[in-house]
Amino acid sequence: MNWANKFEVFWNSICQENFQQLILKGLFNTLLIAVMGLIIGIIVGTLLAICKVAPKYKLGIRILDKLATAYIAIFRGTPIVVQLLLAYYVLLPALGIKGVDPLVVGIIVFGLNSAAYVAEIMRGGLNSVDPGQMEAGRALGLSYKTTMIKIVIPQAIKNILPTLGNEFITLIKETSVVSFITVVDLYTAFNTIGTNTYSVVVPYIVMALIYIVLIVIITVLVKLMEKGLAKSDRSN
Amino acid sequence: MIEVINLVKEFDNLNVLNGVDLTIKDGEKIAIIGPSGCGKSTFLRCLNCLEDPTSGQIIVDGVDIADMNVDINIQRQKIGMVFQQFNLFNNKTILENITLAPVLLKKATKEEATKKAYELLEAIGLKDKADVYPSTLSGGQKQRVAIVRALAMEPKVLLFDEPTSALDPEMVKEVLDLIKEVANKNITMIIVTHEMGFAKEVADTVCFMDQGKIIEKGTPTEVFDHPKNARLVSFLSKVL
Ligand SMILES: Nc1ncnc2c1ncn2[C@@H]1O[C@H](COP(=O)(O)OP(=O)(O)O)[C@@H](O)[C@H]1O
Ligand SMILES: [Mg+2]
């Protein structure tokens with residue numbers, strides 16, 4: 001069987017079985033997990049990073065700092081597949097929670113996992129902002145929290161945007177393991193087509209191409225965003 | 001009135017302030033001079049608790065702001081600060097730099113704060129810069145905006161930490177002129193400076209600091225023309 005034939009079999013299978021629905025669903029889930037995961041990751045990761053950079057006068061902050069360090073160590077120290085399996089097949093049953101959409105579990109686990117990585121990125125970003133910015137805010141009478149939110153975090157995010165873009169790309173690639181907890185993603189979709197046509201060669205190649213196209217598009221978008229920011233701010 | 005009583009500041013094991021006493025009257029203009037590293041910045045930063053004093057009291061209108069139980073954010077609204085490195089908010093336009101704190105701290109509505117910011121910018125000839133970001137301004141322009149930003153909070157006290165040290169020489173005058181103008185208002189001013197001519201002109205009282213203490217204090221004439229302390233004499237011989 002030559003390549004043209006193989007592709008024809010693949011294409012016919014899609015048309016006959018309406019597999020495009022499955023592919024779109026897989027693509028949608030992949031993107032949803034990556035986008036939602038990154039949003040959760042940025043929010044939780046920023047909170048973790050603040051626990052680490054906040055001045056350690058108060059006992060409460062010192063405890064939060066230790067907890068943040070433990071959190072980061074745990075999530076970075078175990079593979080994401082293990083975290084997914086534990087969450088879905090061990091933690092949820094142990095807590096007696098039933099009927100949760102595995103997609104939601106995937107989003108939360110990817111979000112919490114990403115938070116550990118974003119925390120380290122964000123910590124670097126926060127430290128890269130001139131301490132004079134915080135001092136100026138405090139000297140005007142603004143609180144630590146207000147100055148953080150209005151002045152320091154926006155500048156930190158701008159500094160780490162390229163790195164966050166990379167984190168997003170990593171997330172997209174890693175989502176391919178959510179099929180372990182029965183979520184339909186790109187892998188599930190193309191694997192089903194492969195089973196249906198008794199050959200995974202074309203489906204897997206097409207799947208790889210879709211990932212590459214996705215990632216090229218995101219890389220370009222991140223670059224454009226960086227340029228836009230550089231124009232609007234020109235800081236130093 | 002500000003009363004500083006036996007102010008001590010240590011960093012780890014380094015004694016930077018060794019018991020500073022100073023009484024500052026309302027509206028008084030004080031210049032602080034002294035060799036580099038003698039603790040001038042640390043003293044100034046203690047006055048708004050950017051550094052927490054190790055011991056001693058700083059009584060501002062009856063409230064000891066060195067007391068950790070005082071709400072320092074409220075006290076700081078009365079005490080503005082101008083930094084050597086300007087520290088304008090990089091992610092905010094010039095207008096936002098000026099209006100941010102008054103609006104967030106509910107000292108003015110957004111409209112009031114904006115109107116006032118334009119007036120202040122007009123007065124320093126930078127009205128056309130309202131919507132640009134700080135990085136497009138020259139050092140002198142940045143520092144004048146920083147002064148105006150502090151003024152927008154209508155502070156009773158203004159602290160200046162070597163406000164012209166980071167400037168190119170040709171920009172020093174525009175900033176000093178603005179500070180002199182501000183000095184005509186009834187604001188208490190404490191200025192750390194190495195511009196002796198300026199200190200002489202603007203200050204009611206000049207304090208000479210050395211090794212973490214104020215070791216001589218008097219009118220500009222007393223301090224500059226009739227110095228008593230040997231270390232002050234030697235310092236002046238180097239800088240004048
Ligand atoms: N945050 C700090 N940590 C440790 N040492 C400091 C800190 N800030 C200032 N110092 C030290 O305190 C001394 C006085 O500094 P400073 O008040 O900046 O002097 P000045 O402004 O008179 O030049 C210097 O020896 C300086 O190294
Ligand atoms: Mg200094």
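Scope of the values below: all heavy atoms of this structure, side chains included, with no hydrogens, waters or symmetry mates. Chain letters run A, B, ... following the sequence lines, proteins first, then strands; residues in each count from 1.
- Remark: B/Lys9 is positioned above the aromatic ring of B/Phe11, its terminal NZ or CZ atom under 6.0 angstrom from the ring centre and at most 45 degrees off the axis.
- Between B/Val175 and B/Arg144, the shortest heavy-atom contact is CG2-CG, 4.1 Å.
- Between the side chains of A/Thr163 and A/Asn166, no donor-acceptor pair is found at a separation under 3.5 Å.
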Applying side-chain hydrogen bond (donor to acceptor under 3.5 Å, both in side chains) to B/Thr193 and B/Glu162, what does each step give before you reach the verdict?
CA-CA 5 Å; B/Thr193 184; B/Glu162 302 207 27; over 6 Å; no

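- Of all the listed residues (B/Met81, B/Arg149, B/Gln77), the one sharing the greatest number of non-hydrogen pairs under 4.5 Å with chain A is B/Arg149.
- Using a 4.5 Å cut-off between heavy atoms, B/Arg45 touches chain A through its side chain atoms alone.
- Under the 3.5 Å distance criterion, with hydrogens and angles disregarded, no donor-acceptor pair is assigned to the side chains of A/Asp185 and A/Ser179.
- Panel note: side chain B/Thr99, backbone B/Leu95; a donor-acceptor pair is recorded below 3.5 Å.
- Of the two parts of B/Gln85, neither the backbone nor the side chain holds a non-hydrogen atom closer than 4.5 Å to a non-hydrogen atom of chain A.
- The contact between A/Ser143 and chain B is made by backbone and side chain atoms together, counting heavy-atom distances below 4.5 Å.
- Looking at B/Phe89, the atoms closer than 4.5 Å to chain A (heavy atoms on both sides) sit in the backbone and in the side chain alike.
- Within the 4.5 angstrom heavy-atom criterion, no atom of A/Tyr144 approaches chain B.
- Ranked by heavy-atom pairs shorter than 4.5 Å toward chain A, the options B/Thr93, B/Leu104, B/Leu159, B/Ile74 are led by B/Leu104.
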